[in-house]
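Before I ask anything, let me first share the structure, which is written out below as structure tokens.
Positions are given from 1 along the sequence.
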Amino acid sequence: MVASTNTQETEKTETFHVEHSDLLTLNQCPVCRHDSFHHFITCKDYTVSQEDFNIVQCDECGFKFTNPRPADERIGEYYKSEDYVSHSDTNKGIINKLYHTVRKRAIKQKFALVKEGATANTLLDVGCGTGAFLDYCQQQGWDVLGLEPDADARQVAKEKHGLEALPIDALATIPDNSRDVITLWHVLEHITTLDASIEHFLRILKPGGKLIVAVPNCSSKDAAIYQQYWAAYDVPIHLYHFTPRDINLLFNRFNMTVEKTLPMKFDAYYVCMLSEKYKGGNMLKGFWNGWRSNLAASNTTHTWSSQIYVLKAKK
């Protein structure tokens, strides 16, 4: 980590103490297990610590991941920001107000994808945040269960929606073959125990069930535009930085295949406006670059700012 030389940023850093001994260095690529990687880019944590973190790239498969990263017992401190909307449900600021406006429509679209082809109505949402999506699914008659590592977010889900979300550790206690659909909406990139968690998802899914994963796409046009300022790198809480190829390689190890890939078009605007904020630019330019990113993606294959992957076990 590199301390900021800006006086205001230095003051912020001094109030957030994380020693180098609290960093965890990975010695293997999380996707292919190769043990050789090189420096790809250095990005700043703009929301909490103002510290710099390195992203490395695997020399074998090309996968990018934050390395070193905060140790598991300390990483929760990097989520403690009023601007982290999925935990606080804040509508402070124009970007978060826009997020809430679009979220209502996005929830309906997500539910349509969840129920598509489903033969029953049991859902597990991993990283359910403050519970807006689960609340909607429950209103549609689904049997829902949510896991959320952040205690404050679980409390908001209980107070606002009456949902009893469980801590993330409860994943190991969910019965085998008990859920028709498991969803992770911008969650996979946060999971510290990646392999063990995927094994639990496979165990929990009923035969023929589907896993729905939404993650940022670091091979998108907006990632290329903003580079180290790209908000979806979101170090250090984004541990992994996926491309469509990475998703295929990772889940192929677990005998799962991507059956469908879908865009999350609004994410380009949200990410670009946030990236402009980090750069000290303006929201209109961010909106313009979001449009450019979506235009580029519409002319190619699977290069949207964020994408949804519908996965099933191979037959």
Notebook entry, point to check: Which residues pass the side chain to side chain donor-acceptor pair (under 3.5 Å) test with Asn248, sequence neighbours left out?
Noted result: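 If we apply the side chain to side chain donor-acceptor pair (under 3.5 Å) test to Asn248, skipping adjacent residues, there are no hits.
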
Next item on the list: Using ring pair (Phe, Tyr, Trp, His ring centres under 6.0 Å) as the criterion, list what pairs up with Trp304, not counting sequence neighbours.
Entry: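 So Trp304 forms no ring pair (Phe, Tyr, Trp, His ring centres under 6.0 Å) with any residue.
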
Only pairs under 3.5 Å count here: list side-chain donor-acceptor contacts from residues 283-290, not counting sequence neighbours, and write none if there are none.
residue : atom : partner : partner atom : Å
Asn289  : OD1  : Arg292  : NH1          : 2.9
Asn289  : ND2  : Tyr226  : OH           : 2.8

Notebook entry, point to check: Who are the side chain to side chain donor-acceptor pair (under 3.5 Å) partners of Arg203, not counting sequence neighbours?
Noted result: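 For Arg203 the side chain to side chain donor-acceptor pair (under 3.5 Å) partners, ignoring immediate neighbours, are Asp176, His200.
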
Margin query: Surrounding NZ of Lys312 (heavy atoms of other residues, nucleotides or ligands, distance under 6.0 Å), is the total greater than 12?
Written below: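 Yes - once you tally the heavy atoms of other residues, nucleotides and ligands closer than 6.0 Å, there are more than 12.
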
Next item on the list: Quick one: which residue pairs count as a ring-ring contact (aromatic ring centres under 6.0 Å, His included) with a foot in residues 116-140, not counting sequence neighbours?
Entry: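 Checked against ring-ring contact (aromatic ring centres under 6.0 Å, His included) - neighbours excluded - the pairs reaching residues 116-140 are Phe111-Tyr136, Phe133-Trp185.
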
Next item on the list: Tell me, please, which residues at least two apart from Glu60 pass side-chain contact (heavy atoms from CB on, under 4.5 Å).
Entry: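 For Glu60, the residues satisfying side-chain contact (heavy atoms from CB on, under 4.5 Å) (neighbours in sequence not counted) are Cys32, His34, Cys58.
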
Next item on the list: Could you tell me whether Lys314 atom NZ has more than 12 heavy atoms of other residues or ligands within 6.0 Å of it?
Entry: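 Yes, enclosed.
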
Margin query: Once side chain to side chain donor-acceptor pair (under 3.5 Å) is applied, do any residues pair with Gln140, and if so which ones, sequence neighbours excluded?
Written below: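 For Gln140 there are no side chain to side chain donor-acceptor pair (under 3.5 Å) partners, ignoring immediate neighbours.
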
Check: Are the aromatic ring centres of His241 and Phe63 under 6.0 angstrom apart?
Finding: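 Centroid distance His241-Phe63: not below 6.0 Å, so no.
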
Next item on the list: Please name all residues satisfying ring pair (Phe, Tyr, Trp, His ring centres under 6.0 Å) with Tyr278, sequence neighbours left out, ordered by chain then number.
Entry: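 With sequence neighbours excluded, Tyr278 shows a ring pair (Phe, Tyr, Trp, His ring centres under 6.0 Å) to Tyr46, given in chain and number order.
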
Next item on the list: Could you list the residues that satisfy side-chain contact (heavy atoms from CB on, under 4.5 Å) with Ala120, not counting sequence neighbours?
Entry: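 With neighbours one apart ignored, the set is Asp180, Lys206.
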
Note to self: List the residues meeting ring pair (Phe, Tyr, Trp, His ring centres under 6.0 Å) with Phe37, not counting sequence neighbours, and say none if there are none.
What the structure shows: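 In terms of ring pair (Phe, Tyr, Trp, His ring centres under 6.0 Å), with neighbours along the sequence ignored, Phe37 is linked to Phe65.
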
Checklist line | Residues which pass side-chain contact (heavy atoms from CB on, under 4.5 Å) with Leu145, listed by chain and number, not counting sequence neighbours | finding: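 If we apply the side-chain contact (heavy atoms from CB on, under 4.5 Å) test to Leu145, skipping adjacent residues, the hits are Leu124, Leu166, Ile174, Arg179.
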
Margin query: Does Leu188 form a side chain to side chain contact (heavy atoms under 4.5 Å, CB included) with Tyr240? I'd like the steps, not just the answer.
Written below: CA-CA 8 Å; Leu188 190 69; Tyr240 320 107; 5.8 Å; no

Checklist line | Residues forming a side-chain contact (heavy atoms from CB on, under 4.5 Å) with Ala296, sequence neighbours excluded | finding: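 With sequence neighbours excluded, Ala296 shows a side-chain contact (heavy atoms from CB on, under 4.5 Å) to Lys221, given in chain and number order.
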
